[in-house]
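First comes the structure, then the notes that go with it.
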Amino acid sequence: MTELSPQANVGDIASNLPGAAEVFRQNGISFCCGGKLSLAEAAAGQGLAIAPLLEELRALEAAAARTAPEETLPLIDHILTRYHATHRTEMDWLIPLAQKVETVHGDHEEAPLGLTEALVALRDELESHMAKEEQVLFPMMQQGGHPMIRHPIGAMRHEHETAADLLRGIEHATHGLTLPVGACRSWTALYTGLEKFTGDLVAHMHLENTVLLPRFETAA
Ligand SMILES: [Fe+2]
Ligand SMILES: [Fe+2]
């Protein structure tokens with residue numbers, strides 16, 4: 001996990017801490033290509049003081065720890081309904097909508113070129129990832145653990161990093177979810193939907209990385 005400090009990388013923070021992406025967008029901090037900057041460098045680049053920014057991010061970290069059931073079985077049910085099912089429903093309409101916006105506005109200079117491709121790659125990755133959790137890892141956990149559970153846990157952590165990289169591609173293609181002046185309703189609905197979906201995905205992975213997986217890593 002990324003430690004929150006002035007030296008932490010903004011791209012890592014954005015893809016690991018629920019709500020951080022929105023704080024960065026509001027402050028004009030880019031975390032796709034510019035994501036290689038440290039928090040201190042990114043703040044200096046925008047003429048922002050580092051202390052209040054860190055404080056805002058620390059508040060998000062504290063809030064993220066309080067949003068899910070404590071017991072393992074209800075926690076897994078919560079992840080399945082609140083995140084896995086929700087991602088599937090939202091990707092089902094976000095991908096055709098992205099395709100429509102890219103096709104209709106392809107010659108607009110702020111068009112989200114490459115967005116559909118980035119979303120399809122993320123959907124394929126997530127479908128395979130969530131299926132492994134649903135069919136292998138979560139059943140092991142529901143049965144109280146397994147002597148080999150470290151292996152699927154390690155693989156899931158690795159796949160979360162892959163998904164975080166794919167999220168950066170979406171941020172890049174949409175210029176940080178910035179709508180052009182006079183954007184049509186489809187384009188607006190697309191970015192609103194993407195903000196919800198990408199925020200959910202960060203929250204989902206954060207919950208697994210920081211709450212669910214460590215429970216079984218320490219027990220194993
Ligand atoms: Fe999951
Ligand atoms: Fe996961």
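As the structure lists them, so they are numbered: ligands from 1, and atoms in each ligand from 1.
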- Message: Can a side-chain donor-acceptor contact be found between His204 and Glu208 if the only test is distance below 3.5 angstrom?
- Response: yes
- Item | Flag, side chain of Arg168 to backbone of Phe31, donor-acceptor distance under 3.5 Å | no
- Message: Any salt bridge linking Asp200 with Lys196? Criterion: basic side-chain nitrogen under 4.0 Å from a carboxylate oxygen.
- Response: yes
- Check the side chains of His175 and Glu110 for a donor-acceptor pair under 3.5 angstrom, ignoring hydrogens and angles. no
- Query: Is there a donor in the side chain of Asn209 and an acceptor in the side chain of His160, or the other way round, less than 3.5 Å apart?
  - Reply: yes
- Under 2.8 Å from the Fe ion (ligand 1), the protein N, O or S atoms, given as residue and atom: His84 NE2, Glu133 OE1, His204 NE2, Glu208 OE2
- Kindly write out the residues that satisfy side chain to side chain donor-acceptor pair (under 3.5 Å) with Gln142, not counting sequence neighbours, or none if the list is empty. none
